[in-house]
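Structure first, then comments.
The residues of the chain are indexed from 1 along the displayed sequence. Note that the structure is a prediction, hence the values are computed from the model and not measured.
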Amino acid sequence: MSEMLCLTVLAEAAGQRLDAYLASATELTRSAAVRLIEEGQVTLGGKPANKKDKVKAGDEVMVSLPEPEPDEAIPQDIPLDIVYEDEDILVVNKPCGMVVHPAAGNPDGTLVNAILYHCGDSLSGIGGVIRPGIVHRIDKDTSGLLVVAKNDAAHLALSEQLKVPRVRRVYHAIAIGNLREETGTVDAPIGRHPTDRKKMAVLRGEDAHARDAVTHYRVLERFAGMCHVECKLETGRTHQIRVQFSSRGMPLVGERKYAVLEDPCEIALWSYRLSFVHPATGKRMEFVQEPTAVYPWTVV
């Protein structure tokens, strides 16, 4: 369980920025305070907060402190679907249901545990003891392609490509309903859900505390009550495709978190195409992965 910290601002702290106040009133560093605020784990006067908010005497500040993560990920002999490997990188096809790295509630059985066993000491340490080699992530319920850095130079180079971005990520999804247009763009900012902190939501307005989220889509095929959609990410927010499609009344097949569906299949979302410049050779590489699960559209 996360710990809830309740603070009342004293007169001498009035006028401070919220992130500075938290750093002075708790054991949090300022960067940790900023991260918790951006993740929606801090409220000021019962409302979602911004790091630039100024506190006043008597203000109530609530902070939800996350559970501590495990001290160190351990190698585990878990089968890996390796798509490509050399001395610098590892491209894997992550199955649906596998968490990428250990965290509270998922201390082992993750992709990191598997790649530690497979790579041994040959893995970038930039991600720390919990996320060694992890440059980017995909959701637990999403399957498909993911690149892992096997040394620090590769990790730094790939991380820079994600910022530019030169890493191109294309997902395929099956949405319930039908899009009117064959192609389009969903520009819908995403932030932490205002009442359910384990979920994300499309949030609008000046006080929404959301980040830009842009997805370009193309309809590949239409079925009875469903459509097969290609999604190109311009940004990479948590649960971006799932949240944006659900907010339009078109949840993905198999969705459980953002819709109440009775369909028992895996969520119909997978990392289909991954393209990046090899950190050592400078050559652009591209990988394609078809879905491994059987979805309802195959029998429509």
Side-chain angles (χ1 to χ4, degrees), residues 1-71 99-107 126-131 134 136-141 159 162-163 187-214 233 235-244 246-247 256-258:
M1 296 291 290
S2 59
E3 178 186 353
M4 188 63 71
L5 187 64
C6 181
L7 305 169
T8 301
V9 179
L10 301 177
E12 54 265 31
Q16 290 186 12
R17 273 179 40 145
L18 180 58
D19 55 348
Y21 167 73
L22 286 176
S24 63
T26 71
E27 295 183 359
L28 294 169
T29 64
R30 190 160 180 170
S31 60
V34 169
R35 184 170 64 252
L36 288 174
I37 294 169
E38 291 178 343
E39 290 176 352
Q41 304 301 321
V42 180
T43 61
L44 178 61
K47 298 180 181 180
N50 185 288
K51 65 182 179 181
K52 295 181 181 180
D53 289 341
K54 299 292 181 67
V55 298
K56 302 186 298 294
D59 277 348
E60 186 178 79
V61 181
M62 299 291 291
V63 185
S64 178
L65 298 174
E67 295 180 65
E69 292 184 337
D71 292 331
V99 177
V100 170
H101 60 74
N106 293 285
I126 288 178
V129 295
I130 301 300
R131 304 175 181 85
I134 299 301
H136 66 117
R137 294 177 290 175
I138 56 180
D139 301 341
K140 171 185 176 182
D141 296 324
S159 295
L162 279 166
K163 294 176 184 177
D187 187 349
I190 291 175
R192 188 68 57 177
H193 194 285
T195 58
D196 188 343
R197 314 312 289 176
K198 295 182 179 181
K199 295 170 64 174
M200 309 301 289
V202 170
L203 303 174
R204 301 185 186 278
E206 294 181 0
D207 300 323
H209 303 301
R211 301 176 71 187
D212 290 342
V214 180
L233 297 185
T235 57
R237 309 304 176 210
T238 302
H239 299 167
Q240 178 169 316
I241 296 170
R242 298 168 64 185
V243 171
Q244 288 183 332
S246 290
S247 73
R256 296 288 191 279
K257 197 176 190 74
Y258 298 101

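Smallest separation of non-hydrogen atoms from V55 and A13: CG2-O, 3.5 Å. Counting all heavy atoms, side chain and backbone alike, K54 lies closest to G15 at CD-O, 3.2 Å. Residues A57 and A14 share a closest heavy-atom pair of N-CB, 3.8 Å. Here the shortest heavy-atom pairing between P102 and P107 reads CB-O, 3.6 Å. Closest of all the heavy-atom pairs between L7 and L22 is CD1-CD2, 3.8 Å. For the residue pair L162 and H136, the shortest heavy atom distance occurs at CD1-CB, 4.0 Å.
Atom CZ of R137 is surrounded by 12 or fewer heavy atoms from other residues, nucleotides or ligands within 6.0 Å. K140 NZ: 12 or fewer foreign heavy atoms inside a 6.0 Å radius. More than 12 heavy atoms of other residues, nucleotides or ligands lie within 6.0 Å of CG in D187, so this atom counts as buried by the packing criterion.
Rounding to the nearest 0.5 Å gives a distance of 12.5 Å between CD1 of I126 and CD1 of I134. Annotation: the span from D59 atom CG to Q16 atom CD amounts to 12.0 Å, rounded to 0.5 Å. Atoms OG and CG, from S24 and D19 in turn, are 10.0 Å apart once rounded to the nearest 0.5 Å. Summarising the geometry, atom CG belonging to N50 is positioned 10.0 Å from atom CG belonging to L44; distances are rounded to the nearest 0.5 Å.
Under a 3.5 Å cut-off, the side chain of Q240 and the backbone N or O of A213 do not form any donor-acceptor pair. Side-chain N or O atoms of T235 include one that pairs as donor or acceptor with a backbone N or O of V214 at under 3.5 Å.
A salt bridge is absent between D141 and K257: the closest approach of a Lys/Arg side-chain nitrogen to an acidic carboxylate oxygen does not fall below 4.0 angstrom.
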Side chain to side chain contact (heavy atoms under 4.5 Å, CB included) assessment of V243 paired with V202
CA-CA 7 Å; V243 171; V202 170; 3.8 Å; yes
M200 and R237: side chain to side chain contact (heavy atoms under 4.5 Å, CB included), yes or no, with the steps?
CA-CA 9 Å; M200 309 301 289; R237 309 304 176 210; over 6 Å; no
Begin with the C-alpha distance, continue with both residues' side-chain angles, and end with the deciding distance and a verdict on side chain to side chain contact (heavy atoms under 4.5 Å, CB included) for R17 and R30.
CA-CA 11 Å; R17 273 179 40 145; R30 190 160 180 170; 3.6 Å; yes
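Of the candidates D53, L5, L18, T26, L18 is the only one forming a side chain to side chain contact (heavy atoms under 4.5 Å, CB included) with V61. Each of H193, R242, K199, H239 was evaluated against Y258; a single residue qualifies, H239, per the side chain to side chain donor-acceptor pair (under 3.5 Å) test.
With contacts defined as side-chain heavy-atom distances shorter than 4.5 Å, the pair Q41/R192 qualifies.
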